[in-house]
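Indexing begins at 1, ligand by ligand and atom by atom, following the structure's order. All values below were derived from every heavy atom in this structure, side-chain atoms included, with hydrogens, water molecules and symmetry-related copies excluded. Computed from a predicted structure; not experimentally measured.
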Amino acid sequence: MDSKSVILVSTGLCVPPYSVSNDELVECFNQYVNEFNQAHQAEIEKGEIEALRESSSEFIVKASGIESRYFFAIDGVLDPKRMVPYIPERSNDEISLQAEKGVEACKDALKRANLEPSDIDMVVLACSNMQRPYPAVSVEIQKELGIEGFAYDMNVACSSATFGLFNAYNAIQSGNVRAALIVNVEICCGHLNFRDRDSHFIFGDVATAFILQREDLVKDKHQGFKVLGTSLFTDFSSAIRNNFGFLNRCDIEKRDDPDKLFIQQGRKVFKEVCPRVGKHITEHLENLSIKPEEVKRFWLHQANLSMNQLITKKVLGRHATEEEAPVILDEFANTSSAGCIIALHQYQDGLKPGDYGVISSFGAGYSVGSVIVEKR
Ligand SMILES: CC(C)(COP(=O)(O)OP(=O)(O)OC[C@H]1O[C@@H](n2cnc3c(N)ncnc32)[C@H](O)[C@@H]1OP(=O)(O)O)[C@@H](O)C(=O)NCCC(=O)NCCS
């Protein structure tokens, strides 16, 4: 047993209570569109403003593969007069919503690993949207679980889970940390523009967690996956962007503009990101002398079904089967950093000791992360 080797011992999942179908979302959106167009009929007829166009479930499934999504809060989301969830502020004495959901996912991961909070030295909240700038939400999660050591928040958008894993992997390899909890709490309903036809269907909420531990401390020799390598890449782009931040209050007129929520140029992202991710995974496998055909499973970021099909085709030179590249975005939609971890959590069956797998996430930045693992 190697004290420098790192094992991904377990994953944890907290599924939100409310599932919303495309039809429900589209019905609300179209009611909003029709009310808007009626209220602005005169300006539309004069050509002063453009009529809004309806959305359709058929388009959503065809363009993205998404059929439903979960939300932590539902009131207000399907009200065409509001289209923003009601999430009442909590006092500073109460646990924050993000920490609360993170703790649930962490407890699940700890239980599955058969570990206690005292076994963990490091907590990283790695996700797209922090509920507040400080104190770090991860420190709140750490306190709630009774973990000693340290915690910090980090954000590399949809790639946050693999970037967080990279940090934890290096912290364990350096001998500073015995085990680390990486948490991905995505409360996307708060940053999704439910009035934007191009993106109102894209995101869902969820919380995931996973534990990395030094190999010599893992009691069960068949538990989890050995991490063989991690590889990251970034290249600046504004094609996926969210301009929300504390400087918004310094330009009051623009404070509530749509760019303070998620915005993207979907086609551009598709074209630019897929080849980069395909190349990134291929090169990472090459560096570890693993042939693409030796990889039994790809747990990819779950943004768009065609994107994932194209990426695995670039790596394998043929279409991947659903067993090789499992899909969870049909049920969960795009859950940002958590998507690849949900896939990993739900699709581990059928792997034998020695089988290789790839965890990969990609998104705003642009950012790409890959982690190559071997089943124990
Ligand atoms: C967002 C995405 C699903 C849009 O799919 P797309 O096929 O590129 O769609 P387009 O925006 O080119 O629009 C195609 C047509 O559908 C229409 N359309 C767009 N939204 C629609 C909606 N909600 N309902 C019905 N039709 C819609 C458009 O008007 C357009 O028709 P037109 O040419 O007659 O105007 C897709 O580009 C995507 O997933 N990109 C990947 C980016 C991503 O997921 N990023 C997340 C972070 S990694």
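Close approach to Ala63 involves these atoms of ligand 1, each under 4.0 Å from a residue heavy atom: 3 (C), 5 (O). Those atoms of ligand 1 with a heavy atom of Asp198 less than 4.0 angstrom away are 19 (C), 20 (N). Heavy-atom proximity to Ser56, at under 4.0 Å, picks out these atoms of ligand 1: 24 (N), 25 (C). Annotation for ligand 1: atoms under 4.0 Å from non-hydrogen atoms of Ile240 are 47 (C). Annotation for ligand 1: atoms under 4.0 Å from non-hydrogen atoms of Val269 are 42 (C).
Which of Phe262, Phe59, Phe29 comes nearest to atom 22 (C) of ligand 1 through a heavy atom is settled by distance: it is Phe59. Of the candidates Met307, Arg267, Gln302, the one placing a heavy atom closest to atom 41 (C) of ligand 1 is Met307.
Under 4.0 Å is where a charged nitrogen must lie from a carboxylate oxygen, and between Glu283 and Lys279 at least one such pair does.
Nearest protein heavy-atom neighbour of atom 44 (O) of ligand 1: Ala303 CB, 3.6 Å. Scanning the protein heavy atoms around atom 32 (P) of ligand 1, the nearest turns out to be Arg53 NH1, 4.4 Å. Of the protein's non-hydrogen atoms, His301 NE2, 3.7 Å is the one closest to atom 48 (S) of ligand 1. In this structure, the protein non-hydrogen atom closest to atom 37 (O) of ligand 1 is Gly266 C, 3.2 Å. Closest to atom 28 (C) of ligand 1, if we only count protein heavy atoms, is Arg197 NH1, 3.9 Å.
Within the 4.0 Å cut-off (strictly below), no protein heavy atom is located near atom 34 (O) of ligand 1. There is a protein heavy atom closer than 4.0 angstrom to atom 24 (N) of ligand 1.
The hydrophobic clustering, which links ILVMFWY residues whose side-chain heavy atoms are closer than 4.5 Å, places Tyr347 and Phe298 apart.
Summarising the local packing, CG of Asp257 is surrounded by more than 12 heavy atoms from other residues, nucleotides or ligands at distances under 6.0 Å.
A perpendicular orientation is assigned to the rings of Trp299 and Phe225, their planes being inclined by more than 60° (bins at 30° and 60°). Between Phe233 and His280, the ring planes are tilted. Angles from 30° to 60° get that label. Classification of the His200-Phe29 ring pair by plane angle, with boundaries at 30° and 60°, yields parallel.
Sorted by first and then second residue, the salt bridge (charged side-chain N to carboxylate O under 4.0 Å, His left out) pairs involving residues 99-109 (not counting sequence neighbours) are Arg90-Glu100, Lys101-Glu104, Asp108-Arg112.
Residue Asn304 has at least one nitrogen or oxygen atom sitting less than 3.5 Å from a nitrogen or oxygen atom of ligand 1, judged on distance alone. The shortest N/O to N/O separation between Gly363 and ligand 1 does not fall below 3.5 Å. At a 3.5 angstrom cut-off on N or O pairs, Gln264 counts as close to ligand 1.
With a heavy-atom cut-off of 4.0 Å, Asn334 touches ligand 1 through its side chain alone. Counting heavy atoms closer than 4.0 Å to ligand 1, residue Ile60 contributes nothing at all.
Looking at residues two or more places apart in sequence or on another chain, you find no salt bridge (charged side-chain N to carboxylate O under 4.0 Å, His left out) involving Arg69.
A salt bridge (charged side-chain N to carboxylate O under 4.0 Å, His left out) with Arg297 is found for one member of Glu323, Glu374, Glu324 and no other, namely Glu323.
In this structure, a donor-acceptor pair under 3.5 Å is present between the side chains of Ser336 and Ser128.
A heavy-atom distance below 4.5 Å is not found between the side chains of Phe244 and His191.
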